[in-house]
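Report on the structure given below.
The model shown is predicted, which means the values in this text are computed figures rather than measured ones. Hydrogens, waters and symmetry mates are skipped; everything else that's a heavy atom, side chains included, is used.
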Amino acid sequence: LAAPDGRVATVLRDVTARKQAEAELRASEAQLRALAATASDAIITADGAGHITYWNAAAERIFGYAPGEALGRPLGIIMPPAY
């Protein structure tokens with residue numbers, strides 16, 4: 001930032017902690033994805049509208065839908081509407 005008299009102000013911000021936290025979050029997400037992908041139980045996630053956003057291999061084996069068939073579809077394909 002330049003002041004009218006020609007002086008320059010500089011703002012420095014240490015982002016080391018933020019970068020560390022982001023790296024730890026990425027590592028944690030990778031662990032969770034690996035766990036979900038290899039789990040023997042069905043792991044399914046849905047968004048607020050009830051549409052499937054994640055479908056692991058066990059869900060495919062148990063419910064008979066490939067991920068491409070399930071993703072984006074309503075949870076009603078595997079659950080009665082009352083739930």
Side-chain angles (χ1 to χ4, degrees):
L1 302 168
D5 63 2
R7 293 181 296 160
V8 176
T10 303
V11 177
L12 298 175
R13 198 176 289 176
D14 185 358
V15 295
T16 305
R18 180 178 175 177
K19 294 292 181 183
Q20 173 86 24
E22 289 172 354
E24 289 172 4
L25 179 59
R26 281 191 297 277
S28 177
E29 287 174 343
Q31 281 182 314
L32 181 58
R33 288 184 192 280
L35 176 66
T38 59
S40 58
D41 294 325
I43 298 176
I44 301 160
T45 62
D47 61 18
H51 293 99
I52 298 168
T53 58
Y54 180 80
W55 187 266
N56 73 345
E60 180 177 2
R61 188 180 68 255
I62 293 166
F63 296 107
Y65 294 101
E69 297 172 301
L71 294 175
R73 305 237 352 242
L75 284 170
I77 66 170
I78 60 167
M79 292 176 30
Y83 295 99

Just list the side-chain donor-acceptor pairs under 3.5 Å for residues 66-78, sequence neighbours left out, or say none.
from	atom 1	to	atom 2	distance (Å)
Glu69	OE1	Ala66	N	2.7
Arg73	NH1	Glu69	O	3.4

Tell me which donor-acceptor pairs under 3.5 Å the side chains of residues 15-25 have, and how far apart each pair is, sequence neighbours excluded?
from	atom 1	to	atom 2	distance (Å)
Thr16	OG1	Asp14	OD1	2.6
Arg18	NE	Glu22	OE2	3.1
Gln20	NE2	Glu24	OE2	2.8

Discussion item. With ring pair (Phe, Tyr, Trp, His ring centres under 6.0 Å) as the rule and sequence neighbours excluded, what pairs involving residues 29-50 come up?
Written reply: none
Show every donor-acceptor pair shorter than 3.5 Å between a side-chain atom in residues 30-46 and any protein atom, with sequence neighbours excluded, or say none if there are none.
from	atom 1	to	atom 2	distance (Å)
Thr38	OG1	Ala34	O	2.9
Thr38	OG1	Leu35	O	3.4
Thr45	OG1	Thr53	OG1	2.8
Thr45	OG1	Tyr54	N	3.2

Fill in: For Tyr65, ring-ring contact (aromatic ring centres under 6.0 Å, His included) partners two or more places apart
none
